[in-house]
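Just so it is clear, the values below take in all heavy atoms, side chains as well, and ignore hydrogens, waters and symmetry mates.
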Amino acid sequence: MADPVNNKTSRHSLLPSFLYSSSSSMVASGYASSTPSSRVVIAAPREKVEMYSAGFYAACGVAGMLATGVTHLAVTPIDVVKCNMQIDPIKYKSVTSGFGVLLKEQGIRGLFKGWAPTWIGYSAQGAGKYGLYEFFKKYYTDIAGPEYAVKYKTLIYLAGSASAEVIADVALCPMEAVKVRVQTQPGFARGLTDGLPKIIKSEGALGLYKGLVPLWGRQIPYTMVKFAAFENTIELMYKHVIPTPKEQCSKPLQLGVSFASGYIAGVFCAVVSHPADNLVSFLNNAKGATVGDAVKKLGLLGLFTRGLPLRIFMIGTLTGGQWVLYDACKVLVGLPTTGGPAPPAATELAKA
């Protein structure tokens with residue numbers, strides 16, 4: 001069997017392309033030459049999918065679709081209570097009373113209202129969010145070059161995730177509009193099949209996108225924090241919490257670190273994006289409502305705090321679950337888990 005280091009078609013790890021070279025002597029030596037055109041060289045692991053190929057981005061998109069769709073579907077009951085607390089705080093005063101009111105009036109089925117648009121919408125969004133994030137992260141890394149890519153890595157995480165989310169939300173927005181109305185307007189529709197045509201008939205196709213700007217306001221900061229916080233948290237976990245280098249950790253341990261880092265990132269996500277989440281719920285629930293109407297009814301403090309504890313729990317669980325499922329799917333196709341400490345050679349290059 002050919003040595004993967006010497007094979008020009010060897011698979012790359014989750015590092016920018018400029019960190020690789022086919023020169024076996026440089027790999028063996030472990031350092032770059034002193035010539036101006038030298039590269040930092042790191043051996044690539046054996047993988048089933050070539051890094052940064054079309055297959056890689058497709059695999060990341062499918063992994064994101066499965067991770068995001070499944071986790072959002074699992075927390076549908078929490079989401080139903082949260083949305084109703086945002087829309088009608090007098091009737092749904094707290095988490096426990098919210099569950100009680102829904103169970104009493106609508107039964108167990110009421111807690112799963114809107115499951116179909118939730119699943120379809122967030123599956124589509126997840127495919128775009130994760131697949132495009134990997135693409136834009138690589139794209140911006142290559143533009144920055146080796147020194148600045150390491151020095152300003154957090155800016156690359158932020159820019160890559162924001163770029164991906166702008167596109168992903170276009171797929172999510174119609175399903176989000178149906179979901180909110182089904183969950184918060186009793187009698188509006190049973191679900192997706194009758195709710196979607198009802199909105200189109202009364203407001204036109206553009207009515208499905210009237211919440212797009214508030215959705216961007218919620219999702220773009222959320223996703224920027226989600227990815228940047230995760231990438232930095234998991235790097236710190238492997239540096240200061242996990243005593244074993246990442247490459248020597250078992251896959252179950254790596255997935256556990258992904259979950260913990262994702263949950264921590266999710267807490268930050270919930271706080272940053274919560275005001276916009278209240279706006280999205282209000283605008284999609286009230287026909288013809290404006291942002292000013294929402295602020296007037298909810299109040300500035302309510303905009304930031306109404307339903308926040310429940311959303312912190314929901315988003316923390318969601319984000320942790322998404323990262324562990326996403327990385328599990330990547331592992332299944334032979335890809336490494338996301339993130340970790342920066343390679344020593346790359347760090348030294350940035351300091352040079």
Give me the ring orientation class for F227 and Y133: parallel if the planes are under 30° apart, tilted from 30 to 60°, perpendicular past 60°.
-> tilted
Pairs in or reaching into residues 162-215: which pass ring pair (Phe, Tyr, Trp, His ring centres under 6.0 Å), with residues at least two apart or in two chains?
-> none
Using the test side-chain contact (heavy atoms from CB on, under 4.5 Å), find all partners of L283 that sit at least two apart in sequence or belong to another chain.
-> P214, A289, V291
Listed partners of I264 passing side-chain contact (heavy atoms from CB on, under 4.5 Å), at least two apart | T233, F268
Identify the heavy atoms of L192 and A116 that sit nearest to each other, and give their distance.
-> CB-CB, 4.1 Å
Do side-chain atoms of K210 reach the backbone of A177 as a donor and acceptor pair under 3.5 angstrom?
-> no
Check: K93 side chain, I90 main-chain N or O, donor-acceptor pair, under 3.5 Å | yes
State, to 0.1 Å, how close Y92 and G98 come at their nearest heavy-atom pair, and which atoms those are.
-> CD2-CA, 3.8 Å
Any sub-3.5 Å donor-acceptor pair from D79's side-chain atoms to V75's backbone N or O?
-> no
Do side-chain atoms of N84 reach the backbone of V80 as a donor and acceptor pair under 3.5 angstrom?
-> yes
Contacts satisfying side-chain hydrogen bond (donor to acceptor under 3.5 Å, both in side chains) that involve residues 180-195 (not counting sequence neighbours) are K179-Q183, R181-E203, T184-N285, Q185-N285
Are the side chain of N278 and the backbone N or O of L303 linked by a donor-acceptor pair below 3.5 Å?
-> yes
Who pairs with I200 by side-chain contact (heavy atoms from CB on, under 4.5 Å), at least two apart in sequence or on another chain?
-> L196, L208
With under 30° as parallel and over 60° as perpendicular, where do the rings of H72 and Y122 fit, or are they tilted in between?
-> parallel
Without swapping roles, check the side chain of W216 against the backbone of V166 for a donor-acceptor pair under 3.5 Å.
-> yes
Is K297 atom NZ crowded by more than 12 heavy atoms from other residues, nucleotides or ligands, each under 6.0 Å away?
-> no
Begin with the C-alpha distance, continue with both residues' side-chain angles, and end with the deciding distance and a verdict on side-chain hydrogen bond (donor to acceptor under 3.5 Å, both in side chains) for S161 and K226.
-> CA-CA 9 Å; S161 56; K226 173 180 180 175; over 6 Å; no
State yes or no: do L310 and L308 share one hydrophobic cluster built from I, L, V, M, F, W and Y residues joined by side-chain heavy-atom distances below 4.5 Å, directly or via other members?
-> yes
Which pairs with one or both residues in residues 149-185 pass ring pair (Phe, Tyr, Trp, His ring centres under 6.0 Å), sequence neighbours excluded?
-> Y148-Y152
Excluding sequence neighbours, so at least two apart, what forms side chain to side chain donor-acceptor pair (under 3.5 Å) with T290?
-> D293
With sequence neighbours excluded, give me every salt bridge (Lys or Arg N to Asp or Glu O under 4.0 Å) pair touching residues 112-132.
-> K129-E165
Same apolar cluster (I L V M F W Y, side chains within < 4.5 Å links), W119/L111 | no
Judged by atom type as modelled, is there a donor-acceptor pair below 3.5 Å linking the side chain of S261 to the main-chain atoms of S258?
-> no
Name all residues meeting the side-chain contact (heavy atoms from CB on, under 4.5 Å) criterion together with V62; count only those two or more places apart in sequence or in a different chain, and write none if there are none.
-> M65, L66
State which residues pass side chain to side chain donor-acceptor pair (under 3.5 Å) with Y326; sequence neighbours excluded, sorted by chain then number.
-> E134
Indicate yes or no for a side-chain donor-acceptor contact from E235 to the backbone of G339 under 3.5 Å, with no hydrogens or angles considered.
-> no
Residue set satisfying side chain to side chain donor-acceptor pair (under 3.5 Å) with Y140, at least two apart, ordered chain then number -> S163
What residues form a salt bridge (Lys or Arg N to Asp or Glu O under 4.0 Å) with R311, not counting sequence neighbours?
-> D277
Over 12 non-hydrogen atoms of neighbours within 6.0 angstrom of OH in Y57 | yes
Check: I199 main-chain N/O paired with S202 side-chain donor or acceptor under 3.5 Å = yes
